[in-house]
There are 2 protein chains.
Amino acid sequence: MDTRERLIESARELLWEFGYVGTSPKAIQQRSGAGQGSMYHHFRGKPDLALAAITRSADELRDRAEAEFSGPGTPVQRVTTYLRRERDALRGCPVGRLTQDRDVMADPALRRPVEETFAWLRTRLAGVLAEAVAEGELDATLDPAATATALVAVLQGGYVLARAAGDAEVYAQAVDGALGLLAGHVRSTAT
Amino acid sequence: MDTRERLIESARELLWEFGYVGTSPKAIQQRSGAGQGSMYHHFRGKPDLALAAITRSADELRDRAEAEFSGPGTPVQRVTTYLRRERDALRGCPVGRLTQDRDVMADPALRRPVEETFAWLRTRLAGVLAEAVAEGELDATLDPAATATALVAVLQGGYVLARAAGDAEVYAQAVDGALGLLAGHVRSTAT
DNA sequence: GTCTATAGGTGGATAGAC
DNA sequence: GTCTATCCACCTATAGAC
């Protein structure tokens with residue numbers, strides 16, 4: 001892994017843990033093993049490096065979700081697989097946490113991947129839910145778009161509650177609650 | 001409103017908007033109209049003032065929720081009132097956003113009101129849901145504790161999604177989705 | 001109680017040797 | 001491409017006059 005790559009990966013980890021404001025160029029350089037000032041050769045500055053890091057995290061999130069949404073099983077099974085995927089609850093979401101970072105949201109370039117990621121996620125999940133409704137697996141009273149937004153919100157909010165409690169189990173409980181609510185709308189358990 | 005009070009209110013607003021790391025003593029002093037250095041007479045430092053501000057925000061959140069939970073109507077109606085309460089979605093939750101602030105979560109004193117607020121909220125909401133189950137308003141397949149955690153998560157995550165989209169309507173959609181999911185478990189609409 | 005002055009540390013970035 | 005040295009602005013806090 002070359003220096004440029006190490007800088008991006010270090011930035012990703014630090015942004016995840018400390019946020020944009022809490023991450024200094026010096027900290028990124030030290031973690032990456034690059035010398036002081038070296039990152040300015042590969043990137044124009046902190047925002048430029050952050051953009052590379054954020055874009056990569058957003059792409060990863062999207063790829064993993066897409067693999068689950070387009071995987072095997074009925075629509076509800078795929079949604080369940082997505083919701084139940086093991087996540088580092090206390091660490092939170094590397095993309096979602098950026099919404100609380102003013103410097104990120106104030107910069108159109110940095111904000112864009114965050115906005116696009118969740119727009120895609122909600123739309124894509126709504127599509128899977130619409131499939132479920134069309135196939136009769138979910139009852140037709142459910143609005144796919146609103147339900148999708150609520151389910152994604154459960155994950156993002158689950159992180160918040162887990163961090164507040166200092167207990168990853170709270171995240172799992174939020175997911176359990178969401179699946180319990182969804183279960184009341186499942187009509188058939190076709191395999 | 002005396003100087004001490006203005007300092008607390010200014011800190012509350014700035015913490016809400018910029019978070020702990022993004023809020024400087026200087027900014028608090030300027031917003032409050034107090035002169036540079038004046039806050040050190042009333043508070044030992046930034047953490048001490050932040051504790052006063054966070055505690056007040058936490059108390060407010062709790063009082064408003066309690067008023068709705070113990071208000072008129074059936075349990076499900078009260079939960080609906082709580083979920084549908086008008087909120088400044090793009091501003092987010094003044095307490096929940098602190099969970100993403102490392103300096104807050106790393107300090108036991110600052111962390112405590114955050115932890116206690118959400119522990120109380122989840123427990124209190126679970127109690128109202130348990131009432132609903134006991135009275136037959138909600139079907140008995142729902143786990144009150146897990147459902148409560150999921151519903152609170154929808155609100156917290158709704159803020160995240162609304163900020164990501166730059167659109168308060170997304171928050172409302174998340175709440176709509178949660179109420180739609182809950183509706184499938186309501187047995188009677190007793191008044 | 002409130003103000004000005006000030007200090008040590010860090011953040012983000014640049015210059016220029018190698 | 002990488003390193004050291006350096007810069008200015010800001011953050012947090014203290015000292016001490018009024």
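Letters A, B, ... are given to chains in the order of the sequence lines, protein chains preceding strands, and every chain is numbered from 1. Being a predicted model, the structure only gives us computed values, none of them experimental.
A sub-4.0 Å separation between OP1 or OP2 of dA13(D) and a side-chain N or O of Tyr40(B) is present.
Taking atom CZ on Arg44(B) and atom C1' on dT12(D), their separation rounds to 16 Å, with Å as the unit. Look at CE on Met39(B): it is 12 Å from C1' on dT14(D), rounded to the nearest Å. Atom CG of Leu49(A) is separated from atom P of dG11(C) by 15 Å (rounded to the nearest Å). When rounded to the nearest whole Å, the span between CD of Gln30(A) and C1' of dG11(C) equals 13 Å. Atom NZ in Lys46(A) sits roughly 12 Å away from atom C1' in dT10(C) (whole-Å rounding). When the P atom of dG1(D) is taken as reference, atom CD of Gln29(A) falls 17 Å away, rounded to whole Å. Whole-Å rounding puts the Ile28(B) CD1 to dC11(D) C1' distance at 12 Å.
As a member of the Ile/Leu/Val/Met/Phe/Trp/Tyr network built from side-chain separations under 4.5 Å, Trp16(A) groups with nothing else and remains a singleton.
Screening residues 21-48 of chain A for salt bridge (Lys or Arg N to Asp or Glu O under 4.0 Å), with sequence neighbours left out, gives Glu13(A)-Arg31(A), Arg44(A)-Asp48(A). For residues 67-79 of chain A, every residue pair satisfying the salt bridge (Lys or Arg N to Asp or Glu O under 4.0 Å) rule, not counting sequence neighbours, is listed here: Glu68(A)-Arg85(A), Arg78(A)-Glu131(A). Applying the side-chain hydrogen bond (donor to acceptor under 3.5 Å, both in side chains) test to every pair with at least one member in residues 97-106 of chain B, sequence neighbours left out, gives these pairs: Glu17(A)-Arg102(B). Evaluation of the side-chain hydrogen bond (donor to acceptor under 3.5 Å, both in side chains) test over residues 163-186 of chain B, restricted to residues two or more places apart or in two chains, returns Arg122(A)-Gln173(B), Thr149(A)-Gln173(B), Arg84(B)-Asp176(B), Arg87(B)-Tyr171(B), Asp139(B)-His185(B).
Qualifying ring pair (Phe, Tyr, Trp, His ring centres under 6.0 Å) partners for Phe18(A), counting only residues two or more places apart in sequence or in other chains: none. Residues passing the ring pair (Phe, Tyr, Trp, His ring centres under 6.0 Å) test with Tyr40(A), sequence neighbours excluded: none. With sequence neighbours excluded, the residues forming a ring pair (Phe, Tyr, Trp, His ring centres under 6.0 Å) with Tyr82(B) are Phe69(B), listed by chain and number.
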Give me the distances for all protein-to-nucleotides 16-18 of chain C N/O pairs that come in under 3.5 Å?
none

Could you write out each protein N or O paired with an N or O of nucleotides 2-6 of chain C at a distance under 3.5 Å?
from   : atom 1 : to       : atom 2 : distance (Å)
dT2(C) : OP1    : Thr3(B)  : OG1    : 2.9
dT2(C) : OP2    : His42(B) : NE2    : 2.6
dC3(C) : OP2    : Gly35(B) : N      : 2.6
dT4(C) : O4     : Gln36(B) : O      : 3.3

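With salt bridges taken as basic N to acidic carboxylate O contacts below 4.0 Å, one links Arg112(B) and Glu116(B).
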Going by atom type alone, with no hydrogens or angles, which donor-acceptor pairs under 3.5 Å involve a side-chain atom of residues 51-60 of chain B and a protein atom two or more places apart or on another chain?
from     : atom 1 : to       : atom 2 : distance (Å)
Thr55(B) : OG1    : Leu51(B) : O      : 2.7
Arg56(B) : NH1    : Glu5(B)  : OE2    : 2.4
Arg56(B) : NH1    : Glu9(B)  : OE2    : 2.8
Arg56(B) : NH2    : Glu5(B)  : OE2    : 3.2
Ser57(B) : OG     : Arg12(B) : NH1    : 3.2
Ser57(B) : OG     : Ala53(B) : O      : 3.4
Glu60(B) : OE2    : Arg12(B) : NH2    : 3.1

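Near DNA chain C, meaning a heavy atom under 4.0 Å away, the residues from residues 17-27 of chain A are Thr23(A), Ser24(A), Pro25(A).
For Arg187(B) (side chain) and Glu137(B) (main-chain N/O), no donor-acceptor pair under 3.5 Å exists by modelled atom type.
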